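What follows is a short report on a single structure.
Remember, it's 1-based here, ligands and their atoms both numbered in the order they're listed. Computed from a predicted structure; not experimentally measured.
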Amino acid sequence: MGVGCTTVMHRRIALFSLLLGGYALDSAASPNFFHDPLGLTSGLSSLVPGSRATSLDKRAGKFDTMSNGSTVLWVIQDTYEGQTFFDSFGFYTDSDPTNGLVTFVDQQTAFNQGLAYVTSDNKVIMQGDNTTWLPSGVNRSSVRIFSNAEYNSGLFVLDLDMAPWGCGVWPAFWTVGSGEWPWNGEIDIIEGVHDNEHNQVTWHTAPGCNLTATSNFTGTIVQTNGVDNLQCNAFIDYNAGCGVTEWSRASYGPYFDSQGGGVFAMKWDADGIAVWSFYRAAIPQDIVQGEPNPSNWGQPVASLSPMGCNVTQYFANHSIIFDITFCGDWAGNSYATSGCPGTCPDRLMDPANFVNATWIINSLKVYKQATLSAGATNGAGHSGVALEMTGWILCIATVLHLVIMAS
Ligand SMILES: *[C@@H]1O[C@H](CO)[C@@H](O)[C@H](O)[C@H]1NC(C)=O
Ligand SMILES: *[C@@H]1O[C@H](CO)[C@@H](O)[C@H](O)[C@H]1NC(C)=O
Ligand SMILES: *[C@@H]1O[C@H](CO)[C@@H](O)[C@H](O)[C@H]1NC(C)=O
Ligand SMILES: *[C@@H]1O[C@H](CO)[C@@H](O)[C@H](O)[C@H]1NC(C)=O
Ligand SMILES: *[C@@H]1O[C@H](CO)[C@@H](O)[C@H](O)[C@H]1NC(C)=O
Ligand SMILES: *[C@@H]1O[C@H](CO)[C@@H](O)[C@H](O)[C@H]1NC(C)=O
Ligand SMILES: *[C@@H]1O[C@H](CO)[C@@H](O)[C@H](O)[C@H]1NC(C)=O
Ligand SMILES: *[C@@H]1O[C@H](CO)[C@@H](O)[C@H](O)[C@H]1NC(C)=O
């Protein structure tokens with residue numbers, strides 16, 4: 001699902017009419033020419049021969065700047081939303097590797113039992129069974145889905161009204177590499193248990209990938225016995241991984257939901273892997289407008305810097321996963337100290353305990369990076385993205401040619 005020439009043409013064609021109607025093409029002589037209030041020129045001046053991205057463009061706020069000085073634009077790659085959402089996901093039906101007291105059902109069962117559906121106003125719902133009384137020792141039905149598409153970088157933006165929570169409930173929105181776990185890495189973007197209020201972001205990897213404690217992020221590093229878990233190595237500390245707890249009370253559970261949910265964004269590129277979260281009232285306009293620019297968002301809540309982890313080596317071929325499990329390694333083992341009543345297995349029996357074990361998703365959008373200018377020194381640039389940009393330039397040149405022929 002690449003960016004088609006038609007998409008580019010839609011966004012740019014008005015500009016070329018403007019260009020040809022209003023001014024000579026050697027526009028580099030007049031920087032003001034590119035100061036268009038409609039924002040049509042975003043990304044363009046650096047594509048027109050003889051011009052370059054100006055400070056005006058940067059103030060327009062659509063360009064992201066990489067640590068190596070490159071200017072990049074995030075362009076849409078895949079959109080998962082509405083009635084077609086489940087077409088792009090498989091339903092996982094094996095037992096829960098984290099030992100949850102759960103039965104992950106197949107797609108047909110999920111649809112038939114109302115555990116996965118899309119509402120008439122295009123909200124995507126996934127939930128644990130909240131209607132069936134269970135005898136002691138019987139697992140509760142729920143869903144776990146994985147994207148058919150696999151990714152090796154990108155900006156993943158999830159807009160949701162509600163994330164699951166409640167005593168004994170353990171949901172996650174995460175990505176994981178294909179092949180034998182954990183060799184291609186795991187990125188947990190939303191994860192929590194019970195009625196916690198602070199989301200936890202965690203990386204689980206092969207040995208040798210470490211969190212850099214001095215990286216610029218607002219969250220708190222998760223500790224074991226008073227020591228920061230800096231090693232993401234899944235083979236130590238009972239697979240605690242390297243985690244960061246968000247500062248905001250509105251990042252998980254009842255407060256997140258009572259704010260109307262919000263947006264979680266995970267950026268994975270040559271600068272590492274970072275996560276931001278925004279409750280609804282705080283969602284940046286560039287996200288709302290579908291032109292996300294992480295350099296406008298302030299510090300992330302969590303970040304895995306390339307200083308301690310070669311992300312190309314430790315993360316590959318990631319599928320996107322949503323799940324809701326119950327009890328198990330985290331929610332079960334922490335239950336006694338959670339303030340929740342009784343025991344986790346007992347809690348499982350009454351369906352009324354699971355009325356908030358629900359994902360309500362507006363959209364999941366995956367953007368990819370398009371490099372507009374390669375920074376001070378020119379990198380090799382023979383990447384897929386660079387090739388695609390060549391495609392854009394050819395495409396724009398074609399439009400230009402057609403417009404000239406027609407006039
Ligand atoms: C119930 O969940 C447990 C823990 O994940 C699993 O070992 C067991 O096989 C499950 N029971 C059934 C009948 O699926
Ligand atoms: C943190 O941010 C400061 C200021 O932007 C920067 O100089 C420093 O290199 C950053 N540190 C890390 C570890 O990225
Ligand atoms: C990660 O941390 C371990 C343990 O401190 C250390 O042996 C290893 O060299 C570190 N690796 C990197 C890439 O920083
Ligand atoms: C990171 O890993 C990739 C793939 O294994 C390798 O090609 C690259 O040289 C590594 N980068 C650094 C800085 O070690
Ligand atoms: C990722 O998937 C591609 C295509 O299936 C495969 O060729 C490649 O070896 C995989 N990479 C890793 C690191 O597993
Ligand atoms: C579900 O959420 C509502 C609204 O926050 C709350 O009043 C109720 O106690 C929750 N129920 C459970 C079982 O968590
Ligand atoms: C189960 O959850 C769904 C979705 O949140 C909700 O519409 C329904 O009312 C719940 N059922 C019960 C019995 O609470
Ligand atoms: C900076 O990184 C981007 C993205 O990885 C790459 O396309 C670009 O060529 C790099 N620029 C330099 C100057 O190395």
Problem - Under-4.0 Å heavy-atom contact between protein and atom 9 (O) of ligand 1 - result: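 Given the 4.0 Å limit, the answer for atom 9 (O) of ligand 1 is no, no protein heavy atom qualifies.
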Practice task
Please check if a non-hydrogen protein atom sits closer than 4.0 Å to atom 12 (C) of ligand 6.
Solution key: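 So atom 12 (C) of ligand 6 has protein heavy-atom neighbours under 4.0 Å.
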Handout entry: Chi angles and distances behind the side-chain hydrogen bond (donor to acceptor under 3.5 Å, both in side chains) call for Asn184, His318
Key = CA-CA 8 Å; Asn184 281 337; His318 274 219; over 6 Å; no
Exercise for the section: Among all protein heavy atoms, pick the one closest to atom 14 (O) of ligand 6 and tell me residue, atom and distance. Expected result: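 Heavy-atom neighbour on the protein nearest atom 14 (O) of ligand 6: Asn356 ND2, 3.1 Å.
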Problem - For atom 5 (O) of ligand 1, closest protein heavy-atom neighbour - result: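 The answer is Gly100 O, 2.6 Å.
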Practice task
With heavy atoms of Asn210 as the reference, note each atom of ligand 3 found under 4.0 Å away.
Solution key: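 Near Asn210, the atoms of ligand 3 are 1 (C), 2 (O), 3 (C), 8 (C), 10 (C), 11 (N), 12 (C), 14 (O).
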Handout entry: Contacting atoms of ligand 1, where contact means under 4.0 angstrom from a heavy atom of Asn139
Key =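 Near Asn139, the atoms of ligand 1 are 1 (C), 2 (O), 3 (C), 8 (C), 10 (C), 11 (N), 12 (C), 14 (O).
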Exercise for the section: For residues Tyr151 and Trp268, establish whether the separation of their ring centroids is below 6.0 Å. Expected result: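 Aromatic pair excluded; centres sit 6.0 Å or further apart.
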Problem - Residues Asp94 and Arg144 bridged, charged N to O under 4.0 Å - result: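 Looking at Asp94 and Arg144, the cut-off is not met.
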Practice task
Look at Asp78 together with Lys365 and state whether they make a salt bridge at an N to O cut-off of under 4.0 Å.
Solution key: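 Answer for the salt bridge query: no.
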Exercise for the section: Output the list of atoms in ligand 6 that are nearer than 4.0 Å to some heavy atom of Asn353, sorted by atom number. Expected result: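 The list of qualifying atoms is 13 (C).
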Handout entry: For Ala352, atoms of ligand 6 separated by under 4.0 Å from a heavy atom
Key =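 Atoms satisfying the 4.0 Å criterion: 13 (C).
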Practice task
Spell out, with a plain yes or no, whether Cys327 and Cys344 have SG atoms under 2.5 Å apart.
Solution key: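 Correct, these two cysteines form a disulfide.
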Problem - SG-SG under 2.5 Å, Cys309 vs Cys209 - result: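 Looking at Cys209 and Cys309, their sulfur gamma atoms lie closer than 2.5 Å, so the answer is yes.
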Practice task
Look at ligand 6 and say whether Trp165 reaches it with a heavy atom at a distance under 4.0 Å.
Solution key: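 For ligand 6, residue contact (heavy atoms, under 4.0 Å) with Trp165 is present.
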Exercise for the section: May I ask whether Ser95 places a heavy atom under 4.0 Å from ligand 1? Expected result: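 So Ser95 does not count as touching ligand 1.
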Problem - Mutual orientation of the aromatic rings belonging to Phe91 and Phe86 [parallel < 30°, tilted 30-60°, perpendicular > 60°] - result: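 Phe91 vs Phe86 ring planes: tilted.
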